[in-house]
Trainee: 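Okay, handing you the structure first.
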Number of protein chains: 2
Amino acid sequence: MSEKITIYDIAKKLNITAATVSRALNNNPKIKESTRELVLETAASMNYKQNKLALALKSGRSNNIGVIVPRIDSNFFASVIRGIEEELYPHGYQVIICQTHENPKRESENLYTLIDAQVDGILMSVSDVNDENNSAFRNVLEKNVPLIFFDRSKHIEGVSSVTINDFKGGYIATKQLINQGCKHIAHLSGDQSLEIFKNRFLGYKQALLDNGIEFNEKYVIQSKSSVEAGKEAVDILLELETPPDAIFSSSDFAALGAIQELNERNINIPDDFCVAGFSNEPFTKFMEMSITSVDQSPLEMGRMSARVFLEQVDKTDTIKIEKKVVLAPELHIRKSSTRTTS
Amino acid sequence: MSEKITIYDIAKKLNITAATVSRALNNNPKIKESTRELVLETAASMNYKQNKLALALKSGRSNNIGVIVPRIDSNFFASVIRGIEEELYPHGYQVIICQTHENPKRESENLYTLIDAQVDGILMSVSDVNDENNSAFRNVLEKNVPLIFFDRSKHIEGVSSVTINDFKGGYIATKQLINQGCKHIAHLSGDQSLEIFKNRFLGYKQALLDNGIEFNEKYVIQSKSSVEAGKEAVDILLELETPPDAIFSSSDFAALGAIQELNERNINIPDDFCVAGFSNEPFTKFMEMSITSVDQSPLEMGRMSARVFLEQVDKTDTIKIEKKVVLAPELHIRKSSTRTTS
DNA sequence: GTTGGCAATGTAATCGATTACACGAAAGTA
DNA sequence: TACTTTCGTGTAATCGATTACATTGCCAAC
């Protein structure tokens, strides 16, 4: 029932050698047309399937690529993966998923595991920017396995990345709040050691400065990407001498929490308080009080990362291209930052 | 820089054979303790890494398992995959992701591709129940590769599945609407050729009958899982002679669409119209008008599927266990079906 | 002193496919 | 006719690890 058919079986049946069978199947021009046809027919009739593992061992290419993300059950990462998978599918690559749960040790393990599994490339979003597991990255580079960062990248010479312009994202979101007439704009930031959060913050700051609004450190709150964290941040902000009248949050979840807390306190959104988030999570547009948010085009990011990988994979080892693709963020303006009064 | 170290390199260095090295590395008891230590030390110092592809070819086990889902960028499937990955990670399995986009042809391709890639098992949620690509499934079974269905399964003898009790899910959601005093409960159903939707519908129907409410075919609308479809369904339902006063939707997205349309028409939710959905998508609890929904515990479903796989993978070919795990759905009651008036 | 047994290691086949090199036959050339 | 190409296949090595079977040396038992 489950007999595995190999090229040797075909060879035996036709009284030729496995080498000839292999050549016939691979369209080697040195094979007589009649032989080729015979082999192809026989292979089909015997239901022959090439053993990809043998091929992988011989060629050194597994046709698998590894994708490492902090977690898969987030709309953003899932969409990126979707993009990667769709782009790579036609090229015969399979996508292996790893999660780090933001744990550097896990990240390092994943890198080693993927290299052990002989993947042809690694696409990842880093969890931690610490230099601790640099050895894992060095290992990848030494093995000459293409490495591409997406969204959250790390500065390593010769390594390509696909990110969005987080600075600009922070800038346009903040600018929109300013345009609505907000004077005291607070910022909920993520872990500043990650580039993305730092840049969103810098974009926010620059937008303030460009529009003659003083930057106030007290308005910047470092918080996690959670509803709870957003609520807590509002608690703190409203205690200030001059409470803010708007929030630009680096996380949609925190933005949601902020809105919930503001509602609880009967503060009118958007007329008395505007809110903008980041990521364009599905729920931001579903809410009745739909939330203004910066879209990161995750699908496109995934596709682009895959394309960058494909460009690199065939290059000889000597040529190393370092490609930095930066996608443009897009602000989706919704109710939470659209004042009805002037 | 990128020299691959093999057991032969170690053997040469120590003037022994690769066989001895292999045995030492594998803790074969026939190896002298001193030799083992020497080999282990040398392997470490040379930075030896076992070539998993060679191992896979020799053993016939790739340590990869394939997961096929309609799409990955849905909270439900992403969460299931998370569960699978977490459960399998400690066992050294890698997860390969495939998407069908609800396309039977793609589903069939994915099955063949995974078998070609010599995965050790396949966990999947079917896209289509049509018998067209039965040959792909037969292929999997013939190759004796463990196959496990989750959520959306197919009746194949000897194949295990992990699902939730969709009938009960439909029942408890409907029952809650009845408890709220709703008399005319409509149902937005998905594709009835899929078991899950049929069972949710049957649960709905049974709940009506058990509570002395007449079943009315006109109240059942087959719609897609989208916001738009939910809106359209409401349009139709409100045209009826006796419009319903509640909706149980098999999809949270359609439930959301329904709510939006009802709001547009100034129909008061939940006092004049109750709504319940299915899947417990994140947004259902984030909304101000939070949506009652049936939770499918996707994480647990993923973990359980992985466990069922692990049980099967080591069994000899002769023993085939067919395990049908049915998880209990849990109703999360929220504002959309909690009347404030009696 | 021969034989048996055991411990430790070596030899070589195997997994399935690819491919450099070799070789015989046919065909072309002088 | 004799020599060189060319064509189509065969031979055998290779990818890296595992493992059945063989071998070696040593010690004990008779």
Side-chain angles (χ1 to χ4, degrees), chain A residues 2-40 42-43 46-64 92 115-120 143-145, chain B residues 2-40 42-43 46-64 92 115-120 143-145:
Chain A
S2 158
E3 344 94 35
K4 305 256 183 185
I5 305 295
T6 73
I7 54 172
Y8 294 94
D9 298 321
I10 300 176
K12 197 174 289 173
K13 187 160 203 167
L14 296 179
N15 256 326
I16 55 180
T17 52
T20 305
V21 175
S22 172
R23 282 189 274 251
L25 292 172
N26 286 293
N27 287 322
N28 185 313
K30 296 192 154 192
I31 287 296
K32 215 203 302 179
E33 193 51 34
S34 61
T35 311
R36 181 196 321 287
E37 278 169 20
L38 188 61
V39 169
L40 289 177
T42 315
M46 295 177 79
N47 197 23
Y48 165 77
K49 285 281 159 58
Q50 189 191 45
N51 184 324
K52 292 288 198 319
L53 288 181
L55 178 61
L57 175 59
K58 189 74 195 7
S59 68
R61 322 178 81 239
S62 64
N63 277 303
N64 288 150
I115 292 295
D116 281 2
Q118 313 275 125
V119 293
D120 296 343
K143 294 280 189 302
N144 251 311
V145 174
Chain B
S2 159
E3 344 94 34
K4 306 256 183 186
I5 305 295
T6 72
I7 52 172
Y8 294 94
D9 298 320
I10 299 177
K12 196 175 291 174
K13 187 158 204 168
L14 297 180
N15 256 326
I16 54 180
T17 52
T20 306
V21 175
S22 172
R23 281 189 275 250
L25 292 172
N26 287 293
N27 286 324
N28 185 311
K30 294 194 155 194
I31 287 296
K32 212 203 304 178
E33 194 51 34
S34 62
T35 310
R36 180 196 323 287
E37 278 169 19
L38 188 60
V39 169
L40 289 177
T42 315
M46 294 177 80
N47 199 24
Y48 165 77
K49 285 284 159 56
Q50 188 190 45
N51 185 323
K52 292 287 193 333
L53 289 180
L55 179 60
L57 174 60
K58 188 73 187 24
S59 67
R61 321 178 83 239
S62 65
N63 277 302
N64 287 150
I115 292 295
D116 281 4
Q118 313 273 125
V119 293
D120 296 342
K143 294 282 190 303
N144 253 311
V145 174

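Convention: sequence-line order gives letters A, B, ...; per-chain numbering from 1.
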Trainee: How many Å lie between CZ on A:R36 and P on D:dC7, as a whole number?
Mentor: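 Answer to the nearest Å: 14 Å.
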
Trainee: When you measure from the side chain of B:S59 to the backbone of B:L55, do you find a donor-acceptor pair of N or O atoms at a distance under 3.5 Å?
Mentor: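 Yes; judged by distance alone, with no hydrogens or angles, the pair exists.
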
Trainee: Measure the distance from CD1 on A:I31 to P on C:dT18 and round it to the nearest whole Å.
Mentor: 12 Å

Trainee: In whole angstrom, what separates A:L57's CG from D:dA13's P?
Mentor: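 One finds 17 Å between P of D:dA13 and CG of A:L57, rounded.
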
Trainee: Count the heavy atoms of every other residue, nucleotide or ligand shown that sit under 6.0 Å from NZ of A:K49, and state whether that count exceeds 12.
Mentor: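 Check passes, neighbour count above 12.
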
Trainee: Give one of base, sugar-phosphate or nothing for B:I16, where a contact means two heavy atoms less than 4.0 Å apart.
Mentor: sugar-phosphate

Trainee: Can you tell if the side chain of B:Q50 reaches within under 4.5 Å of the side chain of A:D116, non-hydrogen atoms only?
Mentor: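 They are not in contact (no side-chain heavy atoms under 4.5 Å apart), so the answer is no.
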
Trainee: Check whether any side-chain heavy atom of A:K4 sits under 4.5 Å from a side-chain heavy atom of B:Q118, and report yes or no.
Mentor: yes

Trainee: Whether B:T6 contacts D:dG16 is assessed here as follows: a side-chain N or O lying under 4.0 Å from the phosphate OP1 or OP2. Is that the case?
Mentor: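 Looking at the OP1 and OP2 atoms of D:dG16, neither is under 4.0 Å from any side-chain N or O of B:T6.
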
Trainee: Answer yes or no: is there a side-chain heavy-atom contact under 4.5 Å between A:V39 and A:I31?
Mentor: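 No, too far: nothing below the 4.5 Å cut-off.
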
Trainee: Can you sort out which residues in residues 49-56 of chain A have a heavy atom within less than 4.0 Å of DNA chain C? Ascending by number, please.
Mentor: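 Contacting residues: A:K49, A:Q50, A:N51, A:A54, A:L55.
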
Trainee: Would you check if the side chain of B:N26 reaches a backbone N or O of B:S22 as a donor-acceptor pair within less than 3.5 Å?
Mentor: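 Yes, because the side chain of B:N26 sits within donor-acceptor range (under 3.5 Å) of the backbone of B:S22.
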
Trainee: Can you tell me how far P of D:dG10 sits from CG of A:L14, to the nearest Å?
Mentor: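 One finds 10 Å between P of D:dG10 and CG of A:L14, rounded.
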
Trainee: Measure from CZ on A:R61 to C1' on C:dA17 and round the result to the nearest Å.
Mentor: 16 Å

Trainee: What is the separation between atom OH on B:Y8 and atom C1' on D:dA17, rounded to the nearest whole Å?
Mentor: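 Value for this atom pair: 7 Å.
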
Trainee: Looking at B:T35, does any N or O in its side chain come under 4.0 Å of the phosphate oxygens OP1/OP2 on C:dA8?
Mentor: no

Trainee: Are the side chains of B:L57 and B:L53 in contact, using a 4.5 Å heavy-atom criterion?
Mentor: no

Trainee: Between B:T17 and B:A11, what is the shortest heavy-atom contact and its length?
Mentor: C-CB, 3.6 Å

Trainee: So if I take the C1' atoms of five pairs at each end of the helix from C:dG1-D:dC30 to C:dA30-D:dT1 and get each local axis, what angle do the two axes make, rounded to 10 degrees?
Mentor: 70°

Trainee: Which whole-number value in Å describes the distance from A:N27 CG to C:dA17 P?
Mentor: 16 Å

Trainee: Using the rule side chain to side chain contact (heavy atoms under 4.5 Å, CB included), only one of A:T42, A:D9, A:V21, A:L25 pairs with A:Y48; which is it?
Mentor: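 In the set A:T42, A:D9, A:V21, A:L25, the residue that makes a side chain to side chain contact (heavy atoms under 4.5 Å, CB included) with A:Y48 is A:L25.
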
Trainee: Give me, pair by pair, the N or O atoms of the protein and of nucleotides 19-27 of chain D that are less than 3.5 Å apart, along with how far apart they are.
Mentor:
residue: D:dA20; atom: N6; partner: B:R23; partner atom: NH1; Å: 3.4

Trainee: Can you tell if the side chain of B:N27 reaches within under 4.5 Å of the side chain of B:R36, non-hydrogen atoms only?
Mentor: yes

Trainee: Categorize B:S59 for me: base, sugar-phosphate, or nothing, with a 4.0 angstrom heavy-atom threshold over every strand shown.
Mentor: nothing

Trainee: Would you mind reporting whether A:I115 and A:V145 have side-chain heavy atoms less than 4.5 Å apart?
Mentor: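 Of all side-chain heavy-atom pairs linking A:I115 with A:V145, at least one is under 4.5 Å.
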
Trainee: Measure from the side-chain N and O atoms of A:D120 to the backbone N and O of A:N63, and report whether any donor-acceptor pair falls under 3.5 Å.
Mentor: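 Yes, A:D120 side chain to A:N63 backbone: donor-acceptor pair under 3.5 Å.
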
Trainee: Provide, to the nearest angstrom, the distance between the CG atom belonging to A:N28 and the C1' atom belonging to C:dA17.
Mentor: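 Checked: the CG to C1' distance equals 14 Å.
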
